[in-house]
Each structure stands twice: as C-alpha cells, then as structure tokens.
There are 2 protein chains.
Amino acid sequence: MTLAPARRDLQAALQDRGYRLTGPRKRVAEAVGRKQEDGFTAESLCAEVQDTGRATVYRTLKLLLEAGVVCKLPMPDGAPRYMLAQLEHHHHTVCVRCGAVGEFRDTTVERVVRSMGKEITGEIVGHRMEFYIICTSCKAARKA
Amino acid sequence: MTLAPARRDLQAALQDRGYRLTGPRKRVAEAVGRKQEDGFTAESLCAEVQDTGRATVYRTLKLLLEAGVVCKLPMPDGAPRYMLAQLEHHHHTVCVRCGAVGEFRDTTVERVVRSMGKEITGEIVGHRMEFYIICTSCKAARKA
DNA sequence: GAAAATATGAGACACAATATCAGTAAGTCC
DNA sequence: GGACTTACTGATATTGTGTCTCATATTTTC
C-alpha cells in the first residue's frame, strides 16, 4: 500500500530490460507510479509530465507496457486507458462513466482459459477479460 | 449455414429499430452479411461498398453495432475488427497474425461472471473476453 | 575526453472515427 | 400527386491516438 515500491519497480523495470534511466523516463515513471487508484489516458499523462515531449511520453509508456508493469485497456467507444499493473496476471473492471479502473484476479478465469484451450483450434497466445461497471461513486452521483 | 438469414436479419435489424432501409444502408448490410467467416476492418468495408460515402459506412456500421448484430473487437496494437454476430451472447478468438475471428460460447464464462459479481463493487453492465490465438493456417504458414 | 550508442523533442504524418452542413431522398398529410 | 417534414447522405474538415523523422542532446564505454 506504499507508493515507493511501485515507483521503484517502474524504474527498475526499465533498467532491467537494458534501457537507460534518463531524466524524462524517470519523470514519466514517477507520474505513472503516482496513479495508484485510477487508470489514466496517455494524453493526460502528457499534460502532467512537464518538460517532456509527447513522443517521449508515448515511447516510455510503450516500454512500460512491454515490461508488463503497465496495462492498456480498450474502452467501449472511447480512448484507451492505462493503469499500473499490480498483480502478475490479472483482469480489469472499468467504470464506463468515470473510467476508474480496478484489478482482480480469479482462478476461475484461468480455469476457463485452460478448458477453452481444448475447444479452440489454434494456439492460444493470450487472453483478456474485462468487466464494465458503474462504480459505486458514479452510481451515487446518478441518483442526485 | 445459408447466407440469406443473416443478410435479412441485418436489414431487419435496422428497420426494427425505426431506421429507414435506404440504398446505401442495404449495400452496407449486404456487404457485412457476406462476411460469414472472417472479421473485417471498417476501412475494408468502405473499399468494398461502392457508391457509398465513408461516413455512411461508418454510421451504418455503428447502427448495426448498436442493434447487436455486429461486434467490434479491439486488437492488440492494431485496427479494431468487426464481425457478424451469430450467437446471442458470446466471446471471440482472434488470430493475431491474419485477424481471422471466431466465435465461441461457453457457460463456464458466464459462471465466472456471476461469481465475480459478488466480489466486484459496483454494478456490472457488461463484460468481454477474448482469446488471442495463432490460427492453424497461420501456424502452418509459419513453418514454411 | 573522444567515439559510439542511445535517447530526446518538435513537428509532420498516419489512421480510425466523428462532426459539419448543404443537398437529397423518404415518409406523411392533405 | 404536391407540399411539407423528417431522416439520410456524402464531401470535407476535424478530432484523437499514436508513430515517424531527423537534427540535436545525452549516456556509456573505452
């Protein structure tokens, strides 16, 4: 629940993969590390990280994505959202109103994946599962 | 396994929702109806449907999407693919190489959804599950 | 500290998709 | 059928996400 580990992990993830830990990359990693709760859009990250070009923000985001420490979620009819990956392998809940993202892990999902493996022709190289929700705060706001 | 029902359903789906069944819409619906096996991109559809503006193709595609007779699949790092919906509620397999799309339905998935409902805070309004695969023909091609 | 490798950023570009809006076609009423 | 209303179309512009280019700057290595 502390902020430090996630931030350190982000920077470590870049170094572990042989990338240089430069000033701009540190700034991007730190900004991402700060987003513990919610998902964020790439553009909002660009706006937040000062003194860093858009291209570099996108490039660094891509590196973090490849390193598996950040996830990208397609939204139904909207801009994709990014979020810090806290669990090794997991799935997401996304609020369709405010974009808040949650993470969950359920062994039942993995069981489905294994059982589907027998039915599906071809080699499974990945899977994704998302729950679209209306979060409790948006639900409360809707009533008012 | 016949083509006719799906085509008729597409046009009926538009009329049932109170939209006019115009020439351009018929052409789009027919082109979509022809894509029984594979998914397709919006742009490929634009190229295929003659004498019809891009905007209209996109608009009609959106109407079909809302009517639930066509599905939109986000691809990992690529243009989203569309496909004819043949099953009431279902999930997809997508070949990450050629983009071929398959449909499957598995009650285990729905069981996961129900069990997750208890753990997730907020109201579940939808969910999606995709398997990314390398289809048998792409796998065969890779060996050569 | 010089050379090589790598990273940066401004801006151009690519692509999917939507918005605008004048013009056109379809349904509706008499 | 003609006038009217509503819905639809399409050329074009615009938005939004993301990538490419390339000259410049920064690191690393020797």
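What you see is a predicted model, and the numbers here were worked out from it, not measured in a lab. Any value given below was found using the heavy atoms of this structure, including those in side chains, with hydrogens, waters and symmetry copies removed. Chain letters run A, B, ... following the sequence lines, proteins first, then strands; residues in each count from 1.
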**OP:** Specify the separation, in whole Å, of atom CD of Q50(B) and atom C1' of dG10(D).
**Re:** 15 Å
Subject >> Student check: side-chain heavy atoms of L14(B) and L10(B) closer than 4.5 Å >> reply: no
Original post:
From the list dG9(C), dA17(C), dT26(D), which nucleotide is the closest neighbour of the side chain of R27(A)?
Top reply: dG9(C)
**OP:** Specify the separation, in whole Å, of atom CD of E43(B) and atom P of dC15(C).
**Re:** 9 Å
**OP:** Ignoring backbone atoms, establish whether T41(B) has a side-chain N or O less than 4.0 Å from OP1 or OP2 of dA16(C).
**Re:** no
**OP:** Nearest whole angstrom, please: distance from the C1' of dA26(C) to the NZ of K26(B).
**Re:** 12 Å
**OP:** Could you tell me whether the phosphate oxygens of dC8(D), OP1 or OP2, come under 4.0 Å of any side-chain nitrogen or oxygen in Y58(B)?
**Re:** no
Original post:
Does dT8(C) have OP1 or OP2 sitting under 4.0 Å from an N or O in the side chain of R25(A)?
Top reply: yes
**OP:** Look at the side chain of R59(A) and the base of dG9(C), then say whether one donor and one acceptor between them are separated by less than 3.5 Å.
**Re:** yes
Original post:
Taking atom types as modelled and ignoring hydrogens, do the side chains of H92(B) and E130(B) form a donor-acceptor contact shorter than 3.5 angstrom?
Top reply: no
Subject >> L61(B) CG to dT9(D) C1', straight-line distance once rounded to whole Å >> reply: 16 Å
Subject >> Rounded distance (Å) that lies between atom C1' of dG18(D) and atom CE of M75(A) >> reply: 18 Å
**OP:** Provide, to the nearest angstrom, the distance between the CG atom belonging to L65(B) and the P atom belonging to dT18(C).
**Re:** 9 Å
Original post:
So, do H127(A) and H91(A) have ring centers that fall under 6.0 Å from each other?
Top reply: yes
Original post:
dT8(C) P sits how many Å from L63(A) CG, rounded?
Top reply: 9 Å
Original post:
Is the phosphate of dA16(C), meaning OP1 or OP2, less than 4.0 Å from a side-chain N or O of K72(B)?
Top reply: no
Original post:
Do the side chain of R54(A) and the base of dA10(C) come within less than 3.5 angstrom through a donor-acceptor pair of N or O atoms?
Top reply: no
Original post:
For the pair made of CZ in F40(A) and P in dG18(D), what is the distance, rounded to whole Å?
Top reply: 11 Å
Subject >> Closest-nucleotide ordering on DNA chain C, the 5'-leading residue of T22(B) and P80(B) >> reply: P80(B)
Subject >> DNA chain C: 5'-proximal contact among Y82(B) and L21(B) (nearest heavy atom) >> reply: Y82(B)
Original post:
Which nucleotide sits closest to the side chain of Y19(A): dA7(C), dA16(C), dC8(D)?
Top reply: dA7(C)
Original post:
So do the side chains of Q11(A) and K26(A) get within less than 4.5 Å of each other, counting heavy atoms only?
Top reply: yes
**OP:** Answer with base, sugar-phosphate or nothing: what part of the nucleic acid does A55(A) contact at a heavy-atom distance below 4.0 Å?
**Re:** base
Original post:
If only atom types and distance count, is the side chain of T60(A) paired as donor or acceptor with the main-chain N or O of T56(A) below 3.5 Å?
Top reply: yes
